[in-house]
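Just below is one structure, and these are the notes that go with it.
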Amino acid sequence: MSITVYNSLTRKKEEFVPQTEGKVSMYVCGPTVYALSHIGHARSAISFDVIYRYLRYCGYDVEYARNYTDVDDKIIARANEEGVASEVLAERNIEAFDADMAALGVELPTKRPKATETIGEIIEVISSLIEKGFAYESGGDVFYSVRKFEGYGKLSGKKIDELESGARISVNEQKQDPLDFALWKASKPGEPNWESPWGPGRPGWHIECTAMNIKHLGATIDIHGGGKDLIFPHHENEIAQSEAATGKAPFARYWLHNGFVNIEKEKMSKSIGNILNIRDALGTQTYEAIRLFLLSNQYRSPIDYTNDSLKEAETAVERFYKALDRIETEYPATVESKPKKSALGKRMEPILKAMNDDFNTAEVFGNIFKEVTRANTIMDAATKSPDKRAATEVEVTVIRALFKEAGKILGTLDRTPGDYFDEIKSGSGVDPDEIEGLIAERAEARKNKDFARADSVRDSLLERGIVLEDTPTGTIWTVKQ
RNA sequence: GGCGGCGUACCCAAGUGGUUAAGGGAGCAGUCUGCAAAACUGCCAUUCAGCGGUUCGAAUCCGCUCGCCGCCUCCA
């Protein structure tokens with residue numbers, strides 16, 4: 001079975017064949033660290049995290065680089081507003097980003113280069129572009145001459161002449177052509193700067209990705225990812241820089257782009273003031289629910305983040321963990337025993353088939369929840385007819401193993417039920433001892449057939465969002481969000 | 001204006017040429033329960049924005065119409 005991916009460059013699904021058998025090189029544009037990361041960064045990171053996880057699951061040796069752009073106009077502007085050095089601001093936001101990613105269950109890429117650690121390579125690439133006639137120096141700045149690169153526009157489908165007629169490009173006297181973009185910017189007083197053949201300055205926006213790609217992954221990489229908005233101009237310019245500098249095409253063999261996250265049907269933007277930071281989102285729901293929600297949509301489609309849809313996702317996560325908890329409680333042997341490989345393989349087939357089709361995680365969840373229903377159904381049947389217990393144990397062993405496999409791929413539904421429910425309970429701020437005490441009181445009342453008293457305990461707990469469930473093995477409680 | 005995309009049930013959403021159109025949430029009814037909750041069962045799109053066309057056969061391909069969105073400027 002092979003993986004099929006939608007390639008933005010060709011605008012169609014293609015079979016994924018890495019340039020070196022068994023190995024994959026992948027680069028994803030990371031954040032420009034001028035502020036806290038928002039839910040859109042989370043979507044990009046999680047989408048490519050799942051791709052990274054799945055490629056390794058399929059046995060590939062994956063070199064995965066995700067950069068930090070830590071020198072940039074916005075960082076400088078923000079640092080000036082706050083009255084701190086731009087290095088300090090950048091470092092602080094890198095730490096925050098790393099913490100957010102960890103909280104979302106995003107695995108660490110194999111490489112996490114910073115632009116400021118790549119200045120030497122950036123200068124080399126720019127020098128080579130000047131030598132080859134693709135770039136020119138002008139008053140301490142260096143610009144890329146867009147018209148010199150024949151394939152300009154091939155990723156975004158734009159034509160240079162049409163871009164030219166668009167009046168929105170600012171005119172800069174230093175440029176030979178308004179479409180040319182900066183590779184190197186001469187520094188103004190007080191700005192971070194590095195020595196270069198063109199005087200002190202700093203890199204332009206697109207060149208750092210080219211340099212980091214070449215340095216860490218080589219002239220031609222397998223997968224290049226990022227948000228859809230980066231297609232133009234960022235990725236278009238990366239192609240122009242990289243292919244011109246190395247003389248090798250394609251720069252990236254497969255271009256993958258994730259869709260945007262809207263908030264309550266509106267685009268996130270500073271002017272609307274509806275930017276949802278990752279840490280705020282994590283304050284109201286678990287990482288499992290956030291990931292399940294984001295991965296319930298095809299990664300290329302836009303997605304609408306609403307309070308209701310996140311609540312629904314959390315309910316679905318709860319349903320999953322309840323079933324897993326029931327399997328492990330009623331069939332404790334499943335925790336230790338392993339299913340037959342062939343049986344698990346057969347059950348995994350639809351999930352792998354979905355993943356192989358451009359990482360269709362939504363369909364994977366469909367399969368997981370089908371298995372949830374099936375597990376509950378056969379366990380119900382075995383409770384009624386104990387002679388079915390042995391066969392049921394074999395089946396739920398397979399299902400539990402399937403859940404674990406899927407959890408590894410998706411990075412959600414991958415904890416123990418205990419850990420999940422503990423987080424929900426501790427996040428609610430209620431005192432477990434108090435609840436347990438009330439449950440004991442209610443149990444006593446029920447034993448004495450004092451149902452009025454038992455129900456009043458239950459009702460008062462329900463008002464606080466605590467739901468009691470009487471099971472054969474005792475009363476359990478959960479917190480409703 | 002140029003380029004790209006979307007429109008599937010009450011809501012979210014998968015399915016992109018061929019058995020009964022996944023799954024989640026909500027709702028209704030039943031089983032279970034002291035009553036609940038949870039779980040299970042059944043019901044909930046003869047139909048996929050509309051209209052034409054191609055085909056033995058289309059939600060899936062083509063054309064047109066309507067509606068919505070993104071990019072073209074910093075942006076994940």
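Convention: sequence-line order gives letters A, B, ...; per-chain numbering from 1.
- Comparing B:U41, B:A76, B:C72 by their closest approach to the side chain of A:K158 singles out B:C72.
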Per-nucleotide pairing state of RNA chain B [Watson-Crick or G-U, under 3.5 Å; [ ] pseudoknot-crossing; | other strand]: ((((((((.[[[..)..(....]]].(((((.......))))).....[[[[[..)....]]]]])))))))....

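- Taking atom P in both B:C40 and B:A26, one finds a spacing of 13 Å when rounded to whole Å.
- The stretch residues 399-415 of chain A does not touch RNA chain B, since none of its heavy atoms comes less than 4.0 Å from the strand.
- Put simply, CD1 on A:I263 is 14 Å from P on B:G70, counting in whole angstrom units.
- Ion pairing between a basic and an acidic side chain is recognised when a charged N comes within 4.0 Å of a carboxylate O; A:R92 and A:E82 show such pairing.
- Between A:G259 and A:N367, the one whose closest nucleotide on RNA chain B sits nearer the 5' end is A:N367.
- Taking atom C1' in both B:U47 and B:A59, the straight-line distance is 8 Å, to the nearest Å.
- Interface remark: the A:D304 side chain does not form any donor-acceptor pair with the B:C11 base, using a distance-only criterion of under 3.5 Å.
- The separation of B:G70 from B:C61, taken at their C1' atoms, amounts to 25 Å, rounded to a whole angstrom.
- Residue A:R11 places no side-chain atom within donor-acceptor reach of the base of B:G4, judged by atom type and a 3.5 Å distance cut-off alone.
- In the interface, the side chain of A:R43 is not paired with the base of B:A76 through any donor and acceptor atom under 3.5 Å apart.
- An aromatic stacking contact links A:F451 with the base of B:G34, defined here by ring centres under 5.5 Å apart and ring planes under 30° from parallel.
- Checked by distance alone, A:D455 brings a side-chain donor or acceptor within 3.5 Å of a matching partner on the base of B:G34.
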